[in-house]
Amino acid sequence: MTKSAKVGSIICEELITAAKHDHNILALTSDSRGSASLMPFASQLPDQLVEMGIAEQNSVTVGAGLAHSGKRPFVFSPAAFLTMRSIEQVKVDVTYSDTNVKLIGISGGNSYSVLGNTHHSLQDLAITRALPNLQVYMPADQWQTRGLMQYLAKSDHPAYVRIGKQALPDIYDDTNQAFGGPGKANIVVDNGNDVALVAAG
């Protein structure tokens, strides 16, 4: 398998494309535009980037307010903080009211490594899956990421996307093969009858 670009860079590319056509699309970041690979977005669309500083809870609430005003916010923050420190805001301001906020949890799992377990997000999928109205995604490669972002740019429902920092191997050949919509599973290999392996991301 060949390695593709980092998922964060793919997200940024697709978000730039979508935001150039829809000026209601905004990127909010909590002092993490570098980690989120959003520097090209900030350079090309500075008026559509909102820098919240190290204030993850405020980022979610401001994102919800913007969504209620007709904007289409994508909130970027380290997954550990977005889903633990801000979970009350995610629950009350976003999911309970089915508010159109896309939450992008960067550096998921133990991507932050030596920064320690305060920066690891090992519970984020469990806690976000327990919330109503929230679609939860962990794209597997660049093609699935592209298809997912194209869908999210048009979707009116809240979502949580968890990504890591490393480039991922290509699993699929193109976007159509990789992403068929929310709640759809893909069979990658089907040539046996002894073991079933189920994977996410």
Side-chain angles (χ1 to χ4, degrees), residues 6-16 18-19 23-69 71-97 99-128 131 134-139 145 148-149 152-153 155 157-166:
K6 291 184 178 180
V7 173
S9 299
I10 301 297
I11 287 176
C12 182
E13 287 177 21
E14 292 293 337
L15 197 60
I16 288 172
H23 297 296
N24 285 320
I25 291 178
L26 305 175
L28 284 72
T29 177
S30 53
D31 193 34
S32 54
R33 70 178 75 177
S35 297
S37 303
L38 284 176
M39 297 305 288
F41 188 100
S43 175
Q44 295 183 44
L45 299 167
D47 293 338
Q48 288 170 256
L49 181 101
V50 182
E51 176 56 71
M52 295 297 301
I54 304 175
E56 293 85 0
Q57 294 161 317
N58 286 346
S59 297
V60 174
T61 296
V62 168
L66 288 167
H68 284 296
S69 301
K71 302 299 183 183
R72 306 179 71 83
F74 285 72
V75 178
F76 291 79
S77 180
F81 307 142
L82 188 58
T83 62
M84 298 303 287
R85 181 176 297 162
S86 309
I87 198 62
E88 182 75 9
Q89 287 73 24
V90 171
K91 179 179 73 171
V92 175
D93 297 338
V94 177
T95 70
Y96 279 7
S97 52
T99 301
N100 184 18
V101 178
K102 307 305 191 285
L103 306 162
I104 313 296
I106 62 174
S107 301
N110 63 354
S111 297
Y112 277 130
S113 184
V114 295
L115 292 180
N117 54 13
T118 57
H119 284 58
H120 298 172
S121 56
L122 305 179
Q123 303 90 0
D124 58 327
L125 295 180
I127 196 167
T128 52
L131 297 176
L134 187 65
Q135 298 174 0
V136 178
Y137 299 97
M138 190 165 51
T145 303
L148 172 62
M149 286 301 294
L152 292 178
S155 167
H157 300 288
Y160 171 66
V161 181
R162 187 235 224 172
I163 63 172
K165 295 181 75 168
Q166 301 300 317

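This chain uses plain numbering: 1 for the first residue, then up along the sequence.
- Ile106 pairs with exactly one of Val7, Ile163, Leu38 by the side chain to side chain contact (heavy atoms under 4.5 Å, CB included) rule, that one being Ile163.
- Applying the salt bridge (Lys or Arg N to Asp or Glu O under 4.0 Å) criterion to Lys71, with sequence neighbours excluded, gives no partner residue.
- Residues passing the side-chain hydrogen bond (donor to acceptor under 3.5 Å, both in side chains) test with Ser77 are Ser30, sequence neighbours excluded.
- Only one option out of Val161, Ile11, Asn100 pairs with Leu152 in a side chain to side chain contact (heavy atoms under 4.5 Å, CB included); it is Val161.
- Heavy-atom minimum distance, Pro139 versus Thr145: CB-OG1, 3.3 Å.
- One distance of note links SG of Cys12 with CZ of Phe74; it measures 12.0 Å at 0.5 Å rounding.
- Residues forming a side-chain contact (heavy atoms from CB on, under 4.5 Å) with Leu125 (at least two apart in sequence, or on another chain): Val136, Met138, Tyr160, Arg162.
- Within the 4.5 Å cutoff, the side chain of Glu14 has no heavy atoms near those of the Ile16 side chain.
- Applying the side-chain hydrogen bond (donor to acceptor under 3.5 Å, both in side chains) test to Glu13 and every residue at least two apart in sequence or in another chain returns Arg146.
- Legend: residues meeting side-chain hydrogen bond (donor to acceptor under 3.5 Å, both in side chains) with Glu51, ordered by chain and number and at least two apart, are Arg33.
- Contact record, Met84 with Ile127: SD-CD1, 4.4 Å, taken as the closest heavy-atom pair.
- In this structure a side-chain-to-backbone donor-acceptor pair under 3.5 Å is missing from Thr99 to Val101.
- For the residue pair Ala79 and Asp124, the shortest heavy atom distance occurs at CB-OD2, 4.0 Å.
- Atom-to-atom distance recorded for Asn24:CG and Ser69:OG is 10.0 Å, nearest 0.5 angstrom.
- Residues satisfying the side-chain contact (heavy atoms from CB on, under 4.5 Å) criterion with Gln57, sequence neighbours excluded, are Arg85, Ser86, Gln89.
- Remark: side-chain polar atoms of Lys102 are paired, donor with acceptor, to backbone N or O of Ser155 under 3.5 angstrom.
- Of all heavy-atom pairs spanning Thr95 and Leu134, the tightest one is CG2-CB, 3.8 Å.
- The distance from the OG atom of Ser35 to the NZ atom of Lys165 is 5.5 Å, given to the nearest 0.5 Å.
- The closest donor-acceptor contact from the side chain of Gln48 to the backbone of Ala19 lies under 3.5 Å.
- Listed here is the closest heavy atom pair of Leu28 and Pro73: CD1-CB, 3.9 Å.
- Looking at residues two or more places apart in sequence or on another chain, you find a side-chain contact (heavy atoms from CB on, under 4.5 Å) between Ala153 and Ala18, Ile25.
- Taking CD1 of Ile104 as the reference point, atom OG of Ser37 lies at 12.0 Å (rounded to 0.5 Å).
- Separating the CG atom in Leu148 from the CD atom in Gln135 is a distance of 9.0 Å, to the nearest 0.5 Å.
- In terms of the side-chain hydrogen bond (donor to acceptor under 3.5 Å, both in side chains) criterion, residue partners of Thr29 (sequence neighbours excluded) are, by chain and number, Ser32.
- Between Val90 and Leu131, the shortest heavy-atom contact is CG1-CD1, 3.8 Å.
- In this structure, OG on Ser9 lies 12.5 Å from CE on Met39, to the nearest 0.5 angstrom.
- Judged as a side-chain contact (heavy atoms from CB on, under 4.5 Å), and not counting sequence neighbours, the contacts of Val92 are Glu88.
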List the steps and the verdict of side chain to side chain contact (heavy atoms under 4.5 Å, CB included) for Leu26 and Leu49. CA-CA 6 Å; Leu26 305 175; Leu49 181 101; over 6 Å; no

